[in-house]
There are 2 protein chains.
Amino acid sequence: MLPERFSAKNFDVAHIRSSCATCSLRELCLPVGLNEEEVETLGEVIVNKKKIQRGGYLHRTGAKFQALYAVKSGFLKTCVLEEDGRQQVTGFHMAGELLGLDAISTDMHTCDAVALEDSEVCEIPFSRLEDISRAIPSLMHHFHKIMSREIVRDHGLMLLLGSMKAEERLASFLLNMSRRFAIRGYSETDFNLRMTREEIGSYLGLKLETVSRAFSKLQEDAIITVNNKHVKILNLERLKLKMGNSSCGT
Amino acid sequence: MLPERFSAKNFDVAHIRSSCATCSLRELCLPVGLNEEEVETLGEVIVNKKKIQRGGYLHRTGAKFQALYAVKSGFLKTCVLEEDGRQQVTGFHMAGELLGLDAISTDMHTCDAVALEDSEVCEIPFSRLEDISRAIPSLMHHFHKIMSREIVRDHGLMLLLGSMKAEERLASFLLNMSRRFAIRGYSETDFNLRMTREEIGSYLGLKLETVSRAFSKLQEDAIITVNNKHVKILNLERLKLKMGNSSCGT
DNA sequence: CCCTTATATTGATTTTAGTCAAAACCGGAT
DNA sequence: ATCCGGTTTTGACTAAAATCAATATAAGGG
């Protein structure tokens with residue numbers, strides 16, 4: 001039931017003092033293999049727990065950067081906006097994921113982070129994280145990996161935005177959601193989306209009507225069923241095929 | 001003539017022993033304000049200088065990650081490819097910029113890096129950079145800023161790919177090139193592009209014909225002149241307007 | 001519970017970019 | 001200089017998604 005990562009050998013849950021630390025550790029140190037003392041050290045960094053109501057902002061563009069945020073529970077989106085009001089959702093974020101990496105660059109947040117459902121995050125003061133990184137090289141290295149992974153993820157999204165058709169984009173998106181739910185121990189074929197068609201569209205570079213049509217098309221083809229935000233994947237394999245081949249099949 | 005950054009107060013060119021170090025320092029430590037000793041230390045990290053011929057690969061997808069590369073001279077592109085042959089140029093890179101950040105994530109390069117003209121790069125062994133970061137906190141922090149900036153850059157590109165029309169994308173691209181040439185002391189209104197229309201198209205999520213038409217359109221409107229790879233920006237302000245407003249003006 | 005508002009679906013039409021094809025152009029090699 | 005392959009431009013046509021518009025459906029507040 002629980003995600004596989006929770007069984008990591010070097011990790012003993014008894015050493016984590018707050019449940020808040022747990023959430024950050026999941027992303028930040030579980031795969032590192034810290035010893036008990038190191039986990040203690042890190043646990044001390046993660047101080048504040050914040051609750052954000054559905055629709056509330058975790059941070060806004062331009063706000064001073066103080067801390068990274070590890071999502072403890074809930075679901076958030078991040079989005080950047082142009083002066084002319086154009087908006088782009090740059091990501092959806094669920095438990096165990098890290099937010100705010102973009103803000104290190106200029107000490108200001110470059111995007112809005114909005115809760116799509118009531119959420120909890122842990123604050124990780126960044127300067128303290130850097131200090132501790134010096135003492136724990138494996139933590140530093142792991143942090144670098146996390147940042148790098150974010151870059152790789154963005155490149156994947158650029159490929160999607162630059163070269164896929166509407167249906168392929170949606171298939172890709174659904175498979176991504178599916179995988180992330182699976183990692184967290186939820187069903188990979190049956191889930192509720194938290195975001196609107198418009199938000200999906202923004203993320204995928206499509207208008208909401210196009211997203212809706214793409215959903216309908218996948219349903220017609222009996223690859224998924226969709227009722228509003230509730231999605232069932234009937235045929236994972238065919239969904240993967242949809243993503244890969246614009247020329248092949250219907 | 002020389003970019004403004006070269007006059008940074010805490011930087012004395014006499015302490016840099018190899019010209020190779022110079023190139024990396026430009027990206028990696030100039031803005032940090034290292035003292036002389038620290039610059040020495042960093043200088044020792046940057047060992048190999050590599051030359052890559054036009055058309056040659058700096059690294060290929062899947063290759064083992066050993067080092068970051070700082071571009072010393074020349075011009076490179078990075079691109080990711082899908083199994084089905086689909087390709088997306090994820091960036092163009094010129095002197096002073098850092099390549100390979102994506103590879104930290106999995107210890108493998110996730111993209112190809114190809115020289116678009118004869119180029120030179122400095123190798124920065126990553127594990128040594130991490131070691132030295134421990135000794136020089138400001139260097140570590142600056143490195144984090146560089147990674148973060150890459151994420152911000154990617155978000156900008158996602159906004160472009162997700163919400164701009166062909167002409168806006170091209171305008172945005174030309175302004176980006178213009179700015180980067182300007183930083184390096186070259187003309188911001190008169191330059192030669194190193195990449196083909198196809199590569200520009202891939203980067204912008206457009207087909208080469210569409211790129212060509214967009215060039216022609218900007219020329220018709222007397223905003224630029226274009227002869228093959230040679231571009232002159234006649235009216236920077238109007239070019240900026242093109243980028244910002246899909247609805248406004250012709 | 002109903003009412004109001006936000007969200008989602010579907011259709012008709014227009015706009016945009018992609019595709020296919022031909023011609024012009026450029027640059028490097030002989 | 002000339003030839004050749006790769007690149008660029010332009011045109012005609014097609015495909016895809018955006019836009020406009022009308023309903024339909026769901027969700028939240030009183």
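Protein chains get the first letters and strands the later ones, always in sequence-line order, with residue 1 at the start of each. Worth knowing before you read on, the calculation uses all heavy atoms, side chains too, and leaves out hydrogens, waters and symmetry mates.
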Problem set entry | Nearest-angstrom distance from the residue atom CD of Glu167(A) to C1' of dA17(D) | 13 Å
Problem set entry | With sequence neighbours excluded, residues passing side-chain hydrogen bond (donor to acceptor under 3.5 Å, both in side chains) with Thr106(B) | none
Exercise. With sequence neighbours excluded, what pairs up with Asn228(A) under the side-chain hydrogen bond (donor to acceptor under 3.5 Å, both in side chains) test?
Worked result: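 Partners of Asn228(A) under the side-chain hydrogen bond (donor to acceptor under 3.5 Å, both in side chains) test: none.
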Is it true that [X] and [Y] have a side-chain N and a carboxylate O under 4.0 angstrom from each other?
X: Lys240(A); Y: Glu237(A); answer: yes
X: Glu220(B); Y: Lys217(B); answer: no
X: Asp221(B); Y: Lys242(B); answer: yes

For this session: Would you sort out whether Met108(B) and Phe65(B) count as a side-chain contact (heavy atoms from CB on, under 4.5 Å), showing the intermediate values?
Result: CA-CA 5 Å; Met108(B) 277 175 36; Phe65(B) 170 61; 5.7 Å; no
Exercise. How does protein reach along nucleotides 7-16 of chain D, written 5' to 3' as B (base within reach of a heavy atom under 4.0 Å), S (only sugar-phosphate), or - (no contact)?
Worked result: SSBBBB---S
Seminar exercise, completed: DNA chain C: first to last nucleotide in contact with chain B (atom under 4.0 angstrom from a heavy atom), 5' to 3', is dT16(C) to dC26(C)
For this session: Could you tell me whether Gly205(B) contacts a base, only the sugar-phosphate backbone, or nothing, with contacts defined as non-hydrogen atoms closer than 4.0 Å?
Result: sugar-phosphate
Problem set entry | Lys207(A): side-chain contact (heavy atoms from CB on, under 4.5 Å) partners, not counting sequence neighbours | Glu209(A), Thr210(A)
Seminar exercise, completed: Residues passing the side-chain contact (heavy atoms from CB on, under 4.5 Å) test with Lys51(A), sequence neighbours excluded, are Glu120(A)
